[in-house]
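Nothing here was measured: the structure is a model prediction, and the numbers come from that model.
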Amino acid sequence: MASKHLAALAIFAILLPAVAMATEFTVGDDQGWTINFDYVAWAKDKVFHVGDKLVFKYTAGRHNVFKVNGTAFTNCTIPPANEALTTGNDVITLATPGRKWYICGVNDHCANYGQKLAITVLEAWVSPASAPPPPQHQLPPPPQRQPPPPPQHQPPPPPQQQHPVLLMGSRCLGISC
């Protein structure tokens with residue numbers, strides 16, 4: 001019995017970080033994707049990462065969602081209709097880091113009613129369970145001090161050559177005196 005609980009706990013511990021790392025954001029929260037909503041303020045305190053999802057909720061037929069570039073966002077330039085998301089529950093998985101722009105292409109919703117969203121997507125979260133281990137920087141062991149070599153007995157220096165000296169009174173007879 002305990003082993004079943006332990007196995008379930010181990011599986012949960014492995015899967016939880018992967019599930020917990022992705023966040024699903026409902027654009028506009030309870031208001032959804034609509035006109036006259038401040039999407040700049042909505043996005044201001046949120047942090048978006050690769051793998052997160054944006055959910056655009058709206059009444060189908062009244063709005064749509066286009067992913068556009070920065071220029072089309074600024075100018076509210078509507079792309080071709082076949083590029084629109086139109087289900088009313090459109091889910092976009094953020095696949096790459098960088099700036100992302102979305103607009104509504106219905107009538108003048110973008111230009112006159114502020115129905116547009118700009119976000120910055122950061123790199124994916126890295127779970128400690130899935131992250132590669134940090135590199136092992138092993139320092140070489142500190143040099144070991146060698147004990148001083150035992151004193152070597154050197155033979156005494158050769159004796160200086162002695163020259164016979166003959167002293168006679170105060171006179172020195174010999175080579176060196």
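- For the residue pair Asp90 and Tyr58, a side-chain donor N or O sits within less than 3.5 Å of a side-chain acceptor on the partner.
- The two residues Gly105 and Ile78 come nearest to each other via the heavy atoms O-CD1, 3.3 Å.
- Between Thr71 atom OG1 and Phe73 atom CZ the span is 11.5 Å, to the nearest 0.5 Å.
- Not one N or O on the side chain of Asp108 forms a donor-acceptor pair closer than 3.5 Å with the backbone of Ala111.
- Under the 4.5 Å side-chain criterion, counting only non-hydrogen atoms from C-beta, Leu117 is in contact with Phe56.
- With 2.5 angstrom as the limit on SG-SG distance, Cys110 and Cys104 do not come in below it.
- Summarising the geometry of Arg62 relative to Val106, their closest heavy-atom pair is O-CG1, 3.7 Å, with the distance given to 0.1 Å.
- Pro97 pairs with exactly one of Thr120, Leu122, Val50 by the side-chain contact (heavy atoms from CB on, under 4.5 Å) rule, that one being Val50.
- In the hydrophobic clustering of ILVMFWY residues, with side-chain heavy atoms under 4.5 Å counting as a link, Tyr102 and Val68 come out apart.
- Side-chain atoms of Asp38 come within 3.5 Å of backbone atoms of Val40 as a donor-acceptor pair (strictly under, hydrogens ignored).
- Minimum interatomic distance between Thr26 and Trp42 (heavy atoms only, all atoms of both residues): O-CZ2, 3.3 Å.
- In this structure, the separation between CD on Gln31 and NZ on Lys57 is 13.5 Å, given to the nearest 0.5 Å.
- With no hydrogens or angles considered, no side-chain donor-acceptor pair links His49 and Glu123 at under 3.5 Å.
- The shortest non-hydrogen separation linking Thr93 to Gly51 is CG2-O, 4.1 Å.
- Phe37 CZ: more than 12 foreign heavy atoms inside a 6.0 Å radius.
- When hydrophobic clusters are built by joining Ile, Leu, Val, Met, Phe, Trp and Tyr residues whose side-chain heavy atoms come closer than 4.5 Å, directly or via intermediates, Val65 is grouped together with Val121.
- Residues Leu54 and Ile119 form a side-chain contact, since some pair of their non-hydrogen atoms from C-beta on lies under 4.5 Å apart.
- The distance between the ring centers of Phe48 and Phe25 falls below 6.0 angstrom.
- Under the 4.5 Å side-chain criterion, counting only non-hydrogen atoms from C-beta, Asn89 is in contact with Val55.
- With hydrogens and angles disregarded, no donor-acceptor distance shorter than 3.5 Å links the side chain of Asp52 to the backbone of Ala22.
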Intermediate values then yes/no, side-chain contact (heavy atoms from CB on, under 4.5 Å), Ile92 and Leu85
CA-CA 10 Å; Ile92 297 174; Leu85 302 175; 3.6 Å; yes
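- Closest non-hydrogen pair, Thr77 versus Pro79, comes out as O-CD, 3.4 Å.
- For the atom pair Ile103 CD1 and Gln115 CD, the distance stands at 9.5 Å (nearest 0.5 Å).
- Other residues, nucleotides and ligands contribute more than 12 heavy atoms inside 6.0 Å of the CZ atom of Arg99.
- Trp101 has its ring centre no less than 6.0 Å from the ring centre of Phe66.
- Using cut-offs of 30° and 60° for the angle between ring planes, the Tyr39 and Trp33 rings count as tilted.
- By the 6.0 Å contact criterion, NZ on Lys46 is enclosed, its count of non-hydrogen atoms from other residues, nucleotides or ligands being greater than 12.
- Atom NZ of Lys100 is surrounded by more than 12 heavy atoms from other residues, nucleotides or ligands within 6.0 Å.
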CA sep, side-chain torsions, deciding dist, call: Thr34, His63, side-chain contact (heavy atoms from CB on, under 4.5 Å):
CA-CA 7 Å; Thr34 189; His63 302 288; 4.1 Å; yes
